[in-house]
Amino acid sequence: MAIKIYNTLSRTKEDFKPGTPLKATFYVCGPTVYDYIHIGNARVFIVFDVIRRYLQYRDFDVKLVQNYTDIDDKMINRAKEQGITVPELAARFIEAYESDVAALKVRPADIKPRATEHVEQIVGLIQKLLTNGYAYVSEGDVYYDTSRFADYGKLSQQKQDELVAGARVEPGEKKRSPLDFALWKQRKEGEPSWKSPWGEGRPGWHIECSAMSTHYFKDTLDIHAGGADLIFPHHENEIAQTWGADSRPLARYWMHAGYLNIESQKMSKSLGNVRTVRELLEQHDPLDLRFLILSAHYRSPLNFSADLVAQSRAGRQRLQEMIDNFLVAQDGAATRQDQGEEKLLADLKEAKARFISAMDDDFNTAEALGVVFDLARSCNIYLKENHPYNMELISEALNFYRDFNGIFEVLEIPEKQELDNEVSALIARRDKARENKEWATSDKIRDELAARGIVLEDTPHGTRWKRKDCLQ
RNA sequence: GGCGACAUAGCCAAGUGGUAAGGCAGAGGACUGCAAAUCCUUUAUCCCCGGUUCGAAUCCGGGUGUCGCCUCCA
């Protein structure tokens with residue numbers, strides 16, 4: 001069975017057939033590094049992180065490129081506001097970005113190119129467009145001539161004349177058509193600039209992604225991804241540029257993550273509800289944030305609120321409890337064969353198949369989580385009813401959860417359960433007290449440990465302990 | 001105005017023709033010295049009205065509602 005990907009270009013799910021079997025070239029539009037990223041940005045990066053990991057799990061050799069946009073109007077304006085240079089601004093927020101997404105367990109891309117380090121490639125691409133007649137120079141600026149590209153509007157499913165009708169025309173435009181967009185902008189006083197055949201200036205926004213993806217992948221790439229709002233005009237323009245220069249599609253599959261709303265409202269500066277990752281990390285466990293984001297399908301709109309994070313946390317705890325219990329059980333040495341074992345074995349096998357089938361179907365993380373919860377119930381029943389346990393079965397189940405977590409990363413699954421001699425000694429004392437029905441003593445010990453953030457659970461096979469999460 | 005998406009229990013959320021996964025919260029029960037955890041039971045006329053079909057949450061038409069894009073906002 002092939003992996004299916006919803007391709008924005010065709011508006012259907014298609015079988016994933018990369019240019020080279022079992023290789024996937026993957027480009028995700030990265031941040032403009034002028035500010036801290038917000039939770040909506042984070043959704044995009046988390047979703048495509050999981051998709052990347054799943055492709056790897058399915059034996060694809062994935063090469064991921066994610067750019068930094070470190071030169072554009074927002075960069076220039078913000079640097080001016082803060083009285084620093086654009087490169088200083090970029091350095092600061094690249095660092096902030098990397099630390100934010102690392103906290104969210106997003107693995108770094110293989111290559112992280114910056115626009116300003118690829119001006120040579122950008123200029124080369126613009127020259128090609130001029131040579132091929134897809135661009136024109138106008139008073140020091142260079143524009144893409146959208147009228148030359150018949151498929152312009154295909155990705156966003158809009159007709160050119162309709163786009164023209166809806167377009168806003170700025171006074172003093174140097175463009176021939178309102179749909180044309182800047183490839184190169186003439187230098188303005190006090191702005192960073194580079195030399196070019198058309199005079200000093202800087203790249204337009206859209207050209208960098210076309211230039212860098214071509215530079216690193218040479219050929220049509222397999223997956224190009226980003227937030228839904230990039231469909232138009234950014235990705236539309238990238239397609240036009242690459243076609244104009246090389247007469248080839250930029251990407252085979254276009255993937256777009258849905259919006260994230262705050263308390264059912266669009267996140268916007270005017271509403272004052274932009275929530276930065278930095279701020280949210282102070283209030284929430286990053287794994288809870290990941291879990292919430294993965295609990296909906298990546299293309300659906302997703303709501304964000306503290307209450308929903310709490311719901312996610314509670315659900316996540318259920319899985320974590322089960323894992324912790326399995327880790328404790330793993331320390332035993334017993335084996336035995338019985339009916340419960342066959343049941344769990346069958347459930348495990350089914351869960352693996354269902355998990356893959358859910359994820360193969362356009363990365364349906366919500367359904368996959370359902371599978372994981374179903375299996376957790378089976379695991380809990382096994383633990384409850386089948387002591388002593390079959391160690392092989394226990395570790396096989398744990399391996400499934402390790403594979404799952406290697407993709408989703410919403411749990412903590414250490415190799416072995418944590419040991420603490422002092423706690424063990426206190427538990428032993430308490431067990432003795434309980435044997436003698438000295439409840440006051442036993443409860444006192446439990447309270448003492450609770451005050452230290454350690455929660456005890458008495459099971460038929462002994463007392464176990466766990467750390468109560470300190471985060472609120 | 002043009003284009004598009006979505007509408008499933010108190011909350012979140014899967015499910016694209018065959019009779020509603022899963023999670024959170026709630027209720028009852030089992031287990032426990034008490035807890036905690038766990039297990040069992042329980043909670044849905046799938047926005048409305050038509051139509052197609054033996055059969056629709058799923059397809060078609062209409063309506064209502066929410067949202068997005070058309071503004072270099074992920």
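For clarity, every value in this text was computed on a predicted model and none was experimentally measured. In what follows, chains carry the letters A, B, and so on, assigned in the order in which the sequence lines appear, proteins first and then strands, with residues in each chain numbered from 1.
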Q) Atom CH2 of A:Trp465 and atom C1' of B:A36: how far apart are they, to the nearest Å? A) 16 Å
Check nucleotides 15-23 of chain B against the protein and report each pair of N or O atoms closer than 3.5 Å, with its distance, or say if there are none.
| from | atom 1 | to | atom 2 | distance (Å) |
| --- | --- | --- | --- | --- |
| B:G15 | OP1 | A:Asn364 | ND2 | 2.7 |
| B:G23 | N2 | A:Gln311 | OE1 | 2.8 |

Q | Selected nucleotide, minimal atom distance to A:Asn325 side chain, candidates B:C73, B:A37, B:A74 | A | B:A37
Q | Interatomic distance where CD1 belongs to A:Ile454 and P belongs to B:A37 [whole Å] | A | 17 Å
**Q.** Base-pairing assignment for B:C69 (Watson-Crick or G-U wobble, both under 3.5 Å)
**A.** B:G2
Q | Atom-pair distance (CE on A:Met322; P on B:U38), nearest Å | A | 11 Å
Q: Taking atom types as modelled, find out whether A:Asn261 and A:Tyr259 have a side-chain donor-acceptor pair closer than 3.5 angstrom.
A: no
Q | Centroid under 5.5 Å and tilt under 30°, A:Tyr259 to B:G68 | A | no
Q: Could I get the full list of ring pair (Phe, Tyr, Trp, His ring centres under 6.0 Å) partners for A:His224, not counting sequence neighbours?
A: A:Tyr27, A:His235, A:Trp254
(Q) I'd like to know if A:Arg299 reaches the base of B:C6 with its side chain, counting only an N/O donor and acceptor under 3.5 Å. (A) no
Q: Check whether any side-chain nitrogen or oxygen of A:Lys159 sits under 4.0 Å from OP1 or OP2 of B:G4, and answer yes or no.
A: no
Q) What interatomic distance, in whole Å, is found between C1' of B:G55 and the corresponding atom of B:G51? A) 15 Å
Q | Contact nearer the 5' end of RNA chain B, comparing A:Leu230 with A:Ile381 | A | A:Ile381
When the side chains of residues 149-156 of chain A are checked against the rest of the protein, which donor-acceptor pairs come out under 3.5 Å, sequence neighbours left out?
| from | atom 1 | to | atom 2 | distance (Å) |
| --- | --- | --- | --- | --- |
| A:Tyr152 | OH | A:Asn237 | OD1 | 2.5 |
| A:Ser156 | OG | A:Gln158 | NE2 | 3.4 |
| A:Ser156 | OG | A:Glu236 | OE1 | 2.6 |

Q.
Does any part of the side chain of A:Phe26, heavy atoms only, come nearer than 4.5 Å to the side chain of A:Leu221, both counted from C-beta?
A. no
